[in-house]
Amino acid sequence: MIRRPRRLRVTKQIRDLVHEVSIDKTDLIYPMFITESETEDIPSMPGIKRYSLTDLPKALEEVVSAGVTAVLYFGIPDKKDEFGSEAYNDLGIVQRGIRLTKELYPELVVIADICLCEYTSHGHCGVIEQGCVVNDKTLPLLAKAALSCAKAGADIVAPSDMMDGRIGAIRNILDNNGFEDVLIMAYSVKYSSSFYGPFRDAADSAPSFGDRKSYQMDFRNSKEAIIETQLDIDEGADIVMVKPGIPYLDIAKTISERFSVPLAIYHVSGEYSMIKAASEKGWIDEKKIVMESITSMKRAGAKMIITYYAVDVAKWLEEI
Ligand code: PBG
């Protein structure tokens, strides 16, 4: 036999020498929920909390000391209304969280998720008229939310709403207000997914009627992923995202091969909760399953991985 693929696997040292991808702490982004109420556990996401502003500094100390260099913030306001006004209130909960974080850890990369669903009384990601989410009336509100987070000190804004044209609207308002160095991480390829279930408990953002299928993508399709990504890059996205993670690695691979901007993959709440639940039952090895899952995302072409396991992974990397 001339070719024996097993020769490349013969010892750990050889395997390490030839390995293609690995996880680095700088790949990790930790999603965090900041609440205007008291700190609370999220029952469907064991180990994840909604933090009050009072408890945020302690949580951040753990994040930073583990070596995680980027966080993704979601705000959970006390008051919600039809137009999601708290999303673009300069004194809103996420804006206050960003300001506090930047005072404590100026070098920590703060990414603000930009969407209306946590802030609207109906739980949809945009303005509702006659039971429909109206695209063009939502754009100025998303742009205002992005500007407000940039003013608070966010390094990156990450629109997750899936309205058409939002990247352009956000780039425009940021540039017109002197924030040309604030990056946009676009949730370009965001599928309408049941894997977001636990997140909606965490962020209290489940739609009160209907679903998100008229704006998030249909999981039976892959071609529109290319159009969505192309549009976002043309409108000014610096980083693009595919979401969820594991069930959509085929899409991530396509996007990473076709486009040159850095790719992020979101290892979403349902993926987190499934691993947690199975490992709590003792059925799987949590650490190994997590490392294998997120390494597969690197292999598919992601540079960044947004995961609720980020702090754990950073600690595990120290142990190896
Ligand atoms: C807001 C948003 C969602 C997630 C990120 N941003 C929920 C949704 O679209 O319903 C999901 C993240 C996760 O499941 O971890 N639009």
Side-chain angles (χ1 to χ4, degrees), residues 28-34 42-50 71-77 80 84 86-87 93-94 111-120 122-128 133 135 138 141-142 145-146 149 154 156-164 166-167 170 184-219 228 239-248 264-277 290 293-294 297 304-311:
L28 302 167
I29 299 171
Y30 187 51
M32 295 179 81
F33 302 98
I34 308 178
I42 301 157
S44 55
M45 299 180 74
I48 302 297
K49 292 179 198 292
R50 306 166 169 188
V71 289
L72 170 63
Y73 279 175
F74 297 93
I76 302 155
K80 300 185 188 234
E86 284 300 300
I93 183 61
V94 81
I111 309 170
D113 184 272
I114 304 298
C115 196
L116 299 186
C117 65
E118 300 110 76
Y119 303 94
T120 48
H122 45 72
H124 275 289
C125 303
V127 174
I128 301 280
V133 175
N135 195 90
T138 304
L141 306 186
L142 294 167
C149 289
I156 304 180
V157 290
S160 66
D161 52 281
M162 289 304 277
M163 297 303 121
D164 293 333
R166 87 270 209 226
I167 304 302
I170 290 173
I184 301 178
M185 173 192 273
Y187 284 71
S188 301
V189 183
K190 179 174 179 180
Y191 281 91
S192 178
S193 171
S194 297
F195 283 91
Y196 308 151
F199 173 96
R200 292 179 190 168
D201 293 342
D204 186 22
S205 66
S208 61
F209 66 91
D211 52 39
R212 304 210 201 288
K213 288 192 198 306
S214 77
Y215 41 106
Q216 297 181 351
M217 288 170 50
D218 185 331
F219 60 74
E228 287 283 4
I239 298 167
V240 296
M241 191 197 299
V242 170
K243 175 186 177 195
I246 297 289
Y248 296 86
I265 293 183
Y266 202 140
H267 185 221
V268 301
S269 58
E271 299 179 74
Y272 174 88
S273 300
M274 291 192 318
I275 299 176
K276 269 285 166 206
V290 171
S293 301
I294 64 176
M297 296 174 188
M304 285 152 268
I305 295 156
I306 303 166
T307 176
Y308 300 96
Y309 274 111
V311 175

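Both counts, for ligands and for their atoms, begin at 1 and track the order of listing. Note that the numbering runs from 1 along the sequence shown for the chain. Keep in mind that this is a model prediction, so the values were computed, not measured.
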- Message: Please check this pair: side chain of Tyr272 against backbone of Pro46, looking for a donor-acceptor N/O pair closer than 3.5 Å.
- Response: yes
- Are Lys190 and ligand 1 in contact, using a heavy-atom cut-off of under 4.0 Å? yes
- Message: Test your reading of the structure: does Arg200 have an N or O sitting under 3.5 Å from an N or O of ligand 1?
- Response: yes
- Message: Using 30° and 60° as the class boundaries, would you call the ring planes of Phe199 and Phe74 parallel, tilted or perpendicular?
- Response: perpendicular
- Which residue holds the protein heavy atom closest to atom 11 (C) of ligand 1, what is that atom called, and what is the gap in Å? Lys243 NZ, 2.9 Å
- Query: Taking atom CD1 of Ile34 and atom CD1 of Ile93, what is their separation to the nearest 0.5 Å?
  - Reply: 6.5 Å
- Query: Looking only at heavy atoms of Met162, does any of them come nearer than 4.0 Å to an atom of ligand 1?
  - Reply: no
- Does Thr138 use its side chain to pair, donor to acceptor, with the backbone of Val127 at less than 3.5 Å? yes
- Task: Flag Ser205 as yes when one of its N or O atoms lies below 3.5 Å from any N or O atom of ligand 1, and as no otherwise.
- Result: no
- Counting from 1 in the order shown, the ligand 1 atoms closer than 4.0 Å to a non-hydrogen atom of Gln216 are 8 (C), 9 (O)
- Ser160, portion touching ligand 1 at heavy-atom distance under 4.0 Å: both
- Check ligand 1 against Asp113 and write out every atom of the ligand that is under 4.0 Å from a heavy-atom position of the residue. 6 (N)
- Enumerated ligand 1 atoms positioned under 4.0 Å from heavy atoms of Cys117: 1 (C), 16 (N)
- Message: Does the Lys NZ or Arg CZ of Lys243 fall within the cation-pi geometry relative to Tyr196 - under 6.0 Å from the ring centre and within 45° of the axis?
- Response: yes
- Message: Using a 3.5 Å distance criterion without hydrogens, assess whether the side chain of Lys190 forms a donor-acceptor pair with backbone atoms of Met217.
- Response: no
- Message: As an exercise, identify every atom of ligand 1 less than 4.0 angstrom from a heavy atom of Arg212.
- Response: 8 (C), 9 (O), 10 (O)
- Item | For atom 14 (O) of ligand 1, closest protein heavy-atom neighbour | Ser269 OG, 2.7 Å
- Task: Check the angle between the aromatic planes of Tyr248 and Tyr191 and answer parallel, tilted or perpendicular using the 30° and 60° thresholds.
- Result: parallel
- Message: Regarding atom 7 (C) of ligand 1: of the candidates Phe199, Tyr191, Tyr215, which has the closest heavy atom?
- Response: Phe199
- Task: Please determine if Asp204 and Arg50 form a salt bridge, counting it only when a charged side-chain N lies under 4.0 Å from a carboxylate O.
- Result: no
- Message: Measuring only between side-chain heavy atoms, which start at C-beta, is Cys115 closer than 4.5 Å to Met162?
- Response: no
- Going by the atom numbers of ligand 1, which of them fall below 4.0 Å from some non-hydrogen atom of Val268? 13 (C), 14 (O), 15 (O)
- Ligand-residue contact atoms, ligand 1 with Tyr266, heavy atoms, under 4.0 Å: 12 (C), 15 (O)
- Whether Tyr308 lies under 4.0 Å from ligand 1, heavy atom: yes
- Item | 4.5 Å side-chain heavy-atom contact, Tyr309 and Ile275 | yes
